[in-house]
Asks: 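One structure is given below, represented as structure tokens, and several questions about it will come after.
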Amino acid sequence: MLNFTLRRVFNGIVMMVAVSFLAYFLLYIGAGNVARLILGLEATPEQINELNEQLGLNRPFIEQFLTWLSGAVRLDFGASWSMPETVNEVLFPRLGVTLTIVALTTLVAAIIAIVLGTLAAIHGGFVDRIVQFLGLIGFAVPGFLVAFFLVTLFAIQIPIFNAVGYTDFSENPSEWAKSITLPVAALALSALAAVAQQVRGSVTDAINMDYVRTLRARGLSFNRVVYKHVLRNAGGPALSILGVQFVGMLGGSVLVEQIFAIPGLGPYAVSSTAVSDIPAVMGLVVVTALVVIVVNLIIDLLSAALNPKVRLS
Amino acid sequence: MKSFKALAAVAIAAALAMGSVTGAGAAGKTLSLGAIAKPVSLAADQAEYGNRAWFYQAVYDSLLVKAEDGTLKAGLATKWSYNALQTQLTLTIRTGVKFTDGTALNAAAVVKNIIANRDKNGPTANYLASVKQVVADGNNVILGLKAADPALLDYLANTAGTVGAPSNIGKASAATSPIGSGPYILDKAKTRAGSKYVYTANPNYWNKANRKYDALVISIYEDTTAMTNALKSGAIQGGNVTTTTVNTLKAAGLKMASGYVDAKGIYFSSRSGSKSCISDVNVRRAINTAFDRAAMLQSLDNGFGKVTTQYFSTASKGYDTAFDKKYAYSIDAAKALMAKSSFPNGCTITMPTFAPYFGEAVYSIIKAQLGKIGVTVKEIEETGGTFISNILGGKYDAYLMQFERAGNSWQFLNFMITKGATFNTDNYEEATVTKLIADFAKASAAKQPAILKAINTELVNNAWFCPWYALQSNFAYKGIVVKSAQAGNIIPFLYNIK
Amino acid sequence: MSNTTIKREGLARKVLKNPSGWMSAGFVFAIVLFGVFAPLVSAWDPNEPDVYSVLGGPSAAHWFGTDSAGRDVFTRLAFSTQFSLETAALAVVVALAIGVVGGLIAGYFGGWFDAIASWMTSILMALPGLVVLLAAMAVIGPTMWGAMAIFGVLLSPAYYRLVYTTVRGVRNELYVDAARVSGLSDLRIIARHILGVVRAPIIIQTAIIASIAIAIQSGIEFLGLGDKDTPSWGAMLNDAFRQIYDAPGLLVWPSATIALVTISLVIFANTVRDELERTGPRVKKIKGLGKTAAQLADDAAEVATIVHAAPSRTNDALISVSKLAVGYPNGQGGVKQVVHNVNLTVNRGEVVGLIGESGSGKTQTAFAVLGLLPAGGRVVAGSIVFDGKELVGASAREYDQIRGGRISYIPQEPMSNLDPSFTIGSQLVEPMMKVLGLSKSEAKAKAIALLTRVGIPNPELTMKKYPHEISGGQAQRVLIAGAVSCDPDLIIADEPTTALDVTVQAEVLDLLRDLQKETNTALLMVTHNFGVVADLCDYINVMQEGRILEAGPVLEIFQNAQHPYTQSLLDSILEGGPARGAYIAPKGN
Amino acid sequence: MSLLNIENVEVTYKGKGLKKDFKALKGVSLDIRPGECVGLVGESGSGKTTLGRAVLGLAPVTGGSITLEGREIAHASRAERAELARDIQVVFQDPYSSLNPSMSIEQILTEPMLVRNWSKADANKRVRELLDSVGLPADAAERRPREFSGGQRQRIAIARALALDPKLIVCDEPVSALDLTTQAKVLDLFLEIQERTNVAYLFISHDLAVVRHLSHRVAVMYQGEIVEWGQGEQVTQNPQHPYTKRLMMAAPVPNPVEQTARREERRRMMAAGLI
């Protein structure tokens, strides 16, 4: 298990460096006249030169990348081009918000999906139809549409939850709950649908496995076999879908945060994109990729804990 | 359905009640406002007015302040006076005021600030271009001017008079850690740069009587719908809203403070030389004639505005109602003007589009209307950062914009008309206008109106611009007191919100 | 339509016959046509503004009303459809091209390309799509074509992985080996054998990828980061959102179109998948699986089993099956019966064989006795009396108390019958604690003793191992240990040695015989192997097509089989037959 | 003269990553004469299937030589393999996965002919001949593999192997997935075809009885090596090598009386350490 963990961690680190290099290369090469972008207003050629000098944009590309990388490993993404704050100052508080939302959504979606998916696989009928329907709607209706309808209904028509903004949990737990409920609901739907379908499928598969019959032939009740053996074996595929959904949710949160005006990564990504704030965009890409890689690592480790065979592969 | 709603509301409210008990009341009296743009820098010498005014007014005091109607009032300067030639301004600085870093505010500090505001390349720099030298004289600050500047006091009540702690001037950290003497202190820990700016009360503020709230939160809503939802749901008490949401917000019980600050329309930027057909006055006149201003106002902004052909605001002495009859919509007339021009077969002009702000509908209208008179629009899509810089860099022949129409005519002239004015990007000149402006600077107050009228006549006749209408600005609010729209600014100044 | 075409009904035909299949495919097709013929659907120009009819409601001139620039919404919807579908299609095509080609090459040839491609895939999958797209647009500007091309690259792992795993699977199929032996080139093998297999999964994936591309495309346009000049669903949504309070109706058309198109695509994908997975006809749940009169008559008309006299047999029946019939839903609302009128008795301490070829119903009979028939199956008639208690119709609770402790089971395939996620030890201990009520440590001690008994070296270590860490022979021993762990009265062994090598089989048979002797447990041995029967059984039943044809003491059957089928079986036995003669070189060689 | 000569053949599978290389064949020698059936018997993992695959060019030969009528074929290129397909063919064990489920029987049978640019008419004629020779009705050509039983599928696989009149067919456990009665019929078909066409078989099976029934000579494999090699009757009835003996004694005889005797004998031999 230790060996497995170390291998995966090493793999993750290599992947991070590769992602960073790729992103850096494409973004900085593509960005064009950076100094002009930053100085905007009435920049003179002298000012532009000076800024290029200052930002090191006239140094060789590899040197620039290594400088950036040496900062990035200390989680320092440098100065933003569009805001007075450094990229870190803006990025990390926002990362916290987005991660809170996405993690909570993952948790909510996972719990509901496991319950619904299992019931659908075992009992079929009504619950199964609900899961099928959810699967369809959750997959097909874009999250931002769901978000908008939720706001209209539950924040404006019936003002139960907050329509906009975000309050930290530490600041005011009930406000936090009110601010986070609708975004989480909007985001959760599609993940919930996908995971529930996967759980339904893998529980159905697992329940038809030979060892289920054998265990029952040894006198274990159906429920016991389902809750102990079937769910554990069905857990692996469900987990990996959850991982995929997590990545999707990170993206989906961009739109949902925009609609709920939540100070997460989403609005930062949109505004940085609009003004081509390359350091910010770079930081965003790297940090979200890091989150994805870490989450995948966690999922790998969980899968390995669930299924000993994985540890060998 | 109704009972279901009620039931759901009760159920969920009950579920949340536990949390509410512990959470409520902690906030005290907080003023929550929504802004549509985030600040670029919070340093005093980078202060901006317009939509970003609050971020600076929260932390910094200004030498002068402006009432809702534009009347200048004492700020950090308790008295002000010009010499006879209008070339020397003396300000008396308030005593007993301290910056939040504990240092005292005095004449020397003000001098440093004015110099920084002029020299640090900030948005205010242009407004202090006329200031030759600044010196402290005891409790007074004396500004020596290159030439008379009829708008200077106005500038000082805007951002040019912003005063921050001298220790902070020139520091990079000033951009995110402002230190002033104003009513509030920025709470950096709770602030989410770009989204939410949280302020706590300055315990040593000199003018506590005028500060009605213990805390201030300014949230950024770049999205119209988010702003509307925030207002509707009561998340904020006030914010600038677009014309398309005015009706729904009124229906939701919000009040509006409405003014006519901006003029929306097409602005030209290649009138000089001959590289573009915009340099032909008849083409410019034709463009002016090619829009049904009333219909545009109705369709684009729900009719919230006043049709006009002139850029001077109604508050200006140069404004003439009669001009608004000029350039009545007629495609035939516009075609005739085109025929008269050097481009009888039409021409192509380059214009930027900035859909994130203006929406894309208006651009399709411009393209269609100009197409009808043979002017082909080559659109270049802008999404943000480079929009203004490309305009200033002279990349385009014309552009859609809504410009603030300063009540102060001198300010306007220096903003749009004079050679070297910020938005006279190709330094276009007409001899008559140049002479009239020179006259105006020297003229007595009595003679100024006539000169302004003459200038306006030239501008309108020669179609310097193509304004469509004065756009109504709408500050929607609920639960706070706003006397009226702010003269000369799109949102009420922070100290005027009660 | 000729008969043969019906027989060779293709997937496409099946999908289109299915209501959800043709409805979803039809809708998508209609929407595509709507987009393709956008220039023809109305006289309006999608970009022609009209300041005099801004935000107009639906009218005869403007069916869906007008937008904030007075443009015809219906026309814009048509052109939006064209653009949104085209750009989404670009993403799909790029993803297809990269993913399918890469997956085919990596999957078929493997090697360094496989290593690199798999690595690139994991990198792409570590990138959150929308964030990367926004980043890309920060550089390439607001062009949806560029963005969708990049998104295609980001989506390509979806195809790559699918094609890769499918090709990997197919490459190991024997028919691919056969094709190689036939001298087919790689290209030809890919074209003839591999593409055919990945085609359907690719279609499913494409429907799903297309709906993702549409969602992302409209999301970006909705954020206002797309081409301004071209109408698109997202741009219409963006405009609608700006006017949400003045003209909420504007929101309806683009959102409904997006939702319906994506829903249709997903339904289509699901239908294709369902049709692929469906081997037989549609299975409907049937209430009251009773036998029809015809079946009853069929059973009654059954020629009686030839029963040989068994003078040495005791009459101490432990389990007695009579007139048992097992059926499955046949898809047409009726029942397909797989076991007919079966009578079978196992006395205490007796080893009874149930022998038959595949499909004879022997395993179904065994499962019926265990009360563990596969999904859909059920006992339609007859009775199973175990130790005086009727099991047909017994509740799950009652069965749970009989299984394990009274009747236990040894399966055929050792590996698949052990839960891969639990250690050998825990799988042995768990039932003992439940059935025998032992403490954990007691159960552990007993498990170790059992493993020692079944001949597993180092049982303490084996207890901690997972199923994949032991050999098939050992796994079968573990399963036997499990079956005897709760001291049952009857063990049902379903082909317990079929999956084993012959030397291991001999050892397992020895073990079974010894255990049976030691405990005097009754054993019902289900097998197709006469050698196994000869080795173990006291009494045998010969089954064919769900019926027991002949039953009697083992020697009696071997020496004096009456039924022609039994005789033909015995005749087919090669053991003891003559060896082939010496080689004679063919003439002319 | 031998048709196929296998000399000292080694097959090593490269281990992935940290896994060790696996030597599946450790120097195996064997020969097959024209029209002869050589049986190859052994348990799982003995390397018998690998040897068959090495002859077919489907396993990496890392040492030794395989010659067909004097031509070295162990490392034949793809083009040479395509040529060899005329001479060496295969029938696999699993009648379910050895036929592409999406192709019709006709497509399956004509595949090797089409590679060789046969005319459609010739190919169709040949398909009818082949179906007839394996005892399937002519209308089988239009159907798909799933419409046939296991025994019928194996007949189709045999027909495919016969399509080009090969000199050698590698039969890899061709009857072990079949029911007893079907197995007997298919084995008879193998015999009948050999007598008719003089094709040679390399007949791989785990079942000593099956091998004995069909093979002129028999090789016994154990852990990658041939431990016994000789006349069929000799090897299967009077084996010399302890492993062959163990194999023989382990198979239960379908006769209760004989099996009891054999069981006792086996136990005695094991106790004595003879097997």
Side-chain angles (χ1 to χ4, degrees), chain C residues 4 7-8 173-186 188 192-193 196-197 279 357-359 472 501-507 509-510 513 528-537 554-555 558 568-586 589, chain D residues 33-37 43-44 56-58 78 81-85 88-90 92-94 97-100 102 104 111-112 115 142-144 157 160 179-181 183-184 198 206 209-210 212-217 231-233 236-237 246-247 249-257 259 263 266:
Chain C
T4 47
K7 242 180 220 163
R8 272 199 247 145
E173 292 284 350
L174 292 172
Y175 61 79
V176 172
D177 281 340
R180 285 183 165 186
V181 172
S182 291
L184 264 68
S185 64
D186 286 329
R188 200 154 182 147
R192 272 181 80 91
H193 294 282
V197 178
T279 43
E357 295 186 310
S358 50
D501 268 330
V502 66
T503 50
V504 182
Q505 164 174 300
E507 291 160 17
L509 287 176
D510 284 349
R513 183 182 324 94
H528 70 280
N529 186 326
F530 276 98
V532 170
V533 170
D535 192 55
L536 272 183
C537 298
V554 65
L555 257 176
F558 272 101
S568 78
L569 279 179
L570 290 170
D571 288 346
S572 301
I573 292 171
L574 296 172
E575 276 90 354
R580 191 166 182 189
Y583 168 74
I584 304 160
N589 209 319
Chain D
R33 293 167 290 195
E36 185 183 27
C37 176
E43 292 184 300
S44 51
L56 292 166
L58 296 173
R78 282 308 286 268
R81 271 286 153 202
E83 217 27 63
L84 273 175
I88 303 180
Q89 270 302 331
V90 65
F92 285 115
Q93 164 179 8
D94 187 342
S97 93
S98 71
L99 304 176
N100 188 335
S102 60
S104 71
E111 188 163 62
V115 183
E142 287 168 9
R143 293 194 269 162
R144 311 241 158 200
R160 173 176 57 189
D179 276 329
L180 198 54
T181 45
Q183 171 181 307
N198 267 327
H206 69 279
V210 166
R212 178 173 57 201
H213 184 68
L214 211 65
S215 309
H216 297 104
R217 285 187 294 166
Q231 291 301 316
E233 187 153 14
T236 58
Q237 265 157 12
R246 197 163 102 210
L247 212 54
M249 299 308 288
V253 193
N255 179 323
V257 184
Q259 171 58 15
R263 186 165 65 223
R266 183 173 129 263

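In what follows, every chain begins at residue 1, and chains take the letters A, B, ... in the order their sequences are listed. Values below: every heavy atom of this structure, side chains too, minus hydrogens, waters and symmetry copies.
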Asks: I'd like to know which of D/Pro256, D/Ala157, D/Gly232, D/Ala85 tops the heavy-atom pair count under 4.5 Å against chain C.
Replies: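 Maximum pair count with chain C is reached by D/Pro256.
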Asks: With a 4.5 angstrom heavy-atom cut-off, is it the side chain or the backbone of D/Arg33 that approaches chain C, or both, or neither?
Replies: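 D/Arg33 touches chain C through backbone and side-chain heavy atoms alike.
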Asks: Do you know which of D/Ser44, D/Cys37, D/Ser102 has the most heavy-atom pairs under 4.5 Å to chain C?
Replies: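 Ranked by contacts with chain C, first place is D/Ser44.
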Asks: Test side-chain contact (heavy atoms from CB on, under 4.5 Å) on C/Asp535 and D/Arg263; report intermediate values, then the result.
Replies: CA-CA 8 Å; C/Asp535 192 55; D/Arg263 186 165 65 223; 2.5 Å; yes
Asks: Using every non-hydrogen atom in the two residues, find where D/Ala250 and C/Val502 come nearest and quote the distance to one decimal.
Replies: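 Closest approach of D/Ala250 to C/Val502, heavy atoms only: CB-O, 3.6 Å.
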Asks: Pair D/Ile88, C/Val181 - check side-chain contact (heavy atoms from CB on, under 4.5 Å), show working.
Replies: CA-CA 8 Å; D/Ile88 303 180; C/Val181 172; 5.5 Å; no
Asks: Just give me the residue among C/Arg513, C/Arg188, C/Glu507 that pairs up with chain D most often, heavy atom to heavy atom, under 4.5 Å.
Replies: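 Of C/Arg513, C/Arg188, C/Glu507, C/Arg513 has the most heavy-atom pairs under 4.5 Å with chain D.
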Asks: Rounded at 0.5 Å granularity, tell me how far CG in D/Leu180 sits from CG in C/Leu574.
Replies: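 Reported to 0.5 Å precision, the distance equals 7.5 Å.
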Asks: Using heavy-atom distances under 4.5 Å, tell me whether C/Phe558 contacts chain D through its side chain, its backbone, both, or neither.
Replies: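 It is the side chain, since no backbone atom gets that close.
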Asks: Pick whichever of D/Leu84, D/Val210, D/Thr236, D/Leu214 has the most heavy-atom pairs under 4.5 Å with chain C.
Replies: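 Winner by heavy-atom pair count: D/Leu214.
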Asks: Can you tell me how far the OH atom of C/Tyr175 sits from the CZ atom of D/Arg160, to the nearest 0.5 Å?
Replies: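 Here the interatomic distance stands at 11.0 Å.
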Asks: D/Gln89 and C/Ser182: side-chain contact (heavy atoms from CB on, under 4.5 Å), yes or no, with the steps?
Replies: CA-CA 7 Å; D/Gln89 270 302 331; C/Ser182 291; 4.1 Å; yes
Asks: For D/Glu83, which atoms come within 4.5 Å of any heavy atom of chain C: side chain, backbone, both, or neither?
Replies: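 Neither part.
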Asks: Hey, what do you get for CZ (C/Arg180) to CG (D/Leu56), rounding to the nearest 0.5 Å?
Replies: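 C/Arg180 atom CZ to D/Leu56 atom CG measures 11.5 Å (nearest 0.5 Å).
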Asks: Under the side-chain contact (heavy atoms from CB on, under 4.5 Å) rule, what do C/Leu184 and D/Glu111 come out as? Steps first, then yes or no, please.
Replies: CA-CA 8 Å; C/Leu184 264 68; D/Glu111 188 163 62; 3.2 Å; yes
Asks: What part of D/Asn100 gets closer than 4.5 Å to chain C, counting heavy atoms only: side chain, backbone, both or neither?
Replies: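 Contact with chain C is through both the backbone and side chain of D/Asn100.
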Asks: Mind ranking C/Val176, C/Asp186, C/Asn529, C/Val532 by heavy-atom pairs under 4.5 Å with chain D and telling me who comes out on top?
Replies: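 Going by pairs under 4.5 Å, I would pick C/Asp186.
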Asks: So for D/Leu58, is it side chain, backbone, both, or neither that comes closer than 4.5 Å to the heavy atoms of chain C?
Replies: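 Only the side chain of D/Leu58 comes within 4.5 Å of chain C.
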Asks: Do side-chain atoms of C/Tyr583 reach the backbone of D/Pro34 as a donor and acceptor pair under 3.5 angstrom?
Replies: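 Between the backbone of D/Pro34 and the side chain of C/Tyr583 there is a qualifying donor-acceptor contact (under 3.5 Å).
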Asks: If every non-hydrogen atom of D/Val253 is compared with every non-hydrogen atom of C/Ala534, which pair is closest and at what distance?
Replies: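 Closest approach of D/Val253 to C/Ala534, heavy atoms only: O-CB, 3.3 Å.
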Asks: Which atoms of C/Gln505 come close to chain D, meaning under 4.5 Å heavy atom to heavy atom: side chain ones, backbone ones, both, or neither?
Replies: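 Side chain of C/Gln505 only, per the 4.5 Å heavy-atom cut-off to chain D.
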Asks: Measure across C/Leu174 and D/Phe92 and return the closest heavy-atom pair with its distance rounded to 0.1 Å.
Replies: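 That closest heavy-atom pairing would be O-CE1, 3.4 Å.
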Asks: Could you tell me which portion of D/Ser215 (side chain, backbone, both or neither) has an atom closer than 4.5 angstrom to a non-hydrogen atom of chain C?
Replies: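 The answer is the backbone of D/Ser215.
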Asks: Between C/Val533 and chain D, which part of the residue has a heavy atom less than 4.5 Å away: side chain, backbone, both or neither?
Replies: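 Contact with chain D is absent: no heavy atom of C/Val533 under 4.5 Å.
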Asks: Using non-hydrogen atoms only, which part of C/Asp510 is less than 4.5 Å away from chain D: side chain, backbone, both, or neither?
Replies: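 Both the backbone and the side chain of C/Asp510 come within 4.5 Å of chain D.
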Asks: Minimum heavy-atom separation for D/Glu43 to C/Val504, with atom names?
Replies: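 Result for this residue pair: OE2-N, 4.4 Å.
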Asks: Can you tell me how far apart CZ (D/Arg212) and CZ (C/Arg580) are? Round to the nearest 0.5 Å.
Replies: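 Going from CZ on D/Arg212 over to CZ on C/Arg580, the span is 14.5 Å.
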Asks: Going from CG on D/Asn255 to CG on C/Leu555, what distance comes out if it is rounded to the nearest 0.5 angstrom?
Replies: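 D/Asn255 CG to C/Leu555 CG: 7.5 Å, rounded to 0.5 Å.
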Asks: So which part of D/Ala82 gets closer than 4.5 Å to some heavy atom of chain C, the side chain, the backbone, both or neither?
Replies: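 Contact with chain C is through both the backbone and side chain of D/Ala82.
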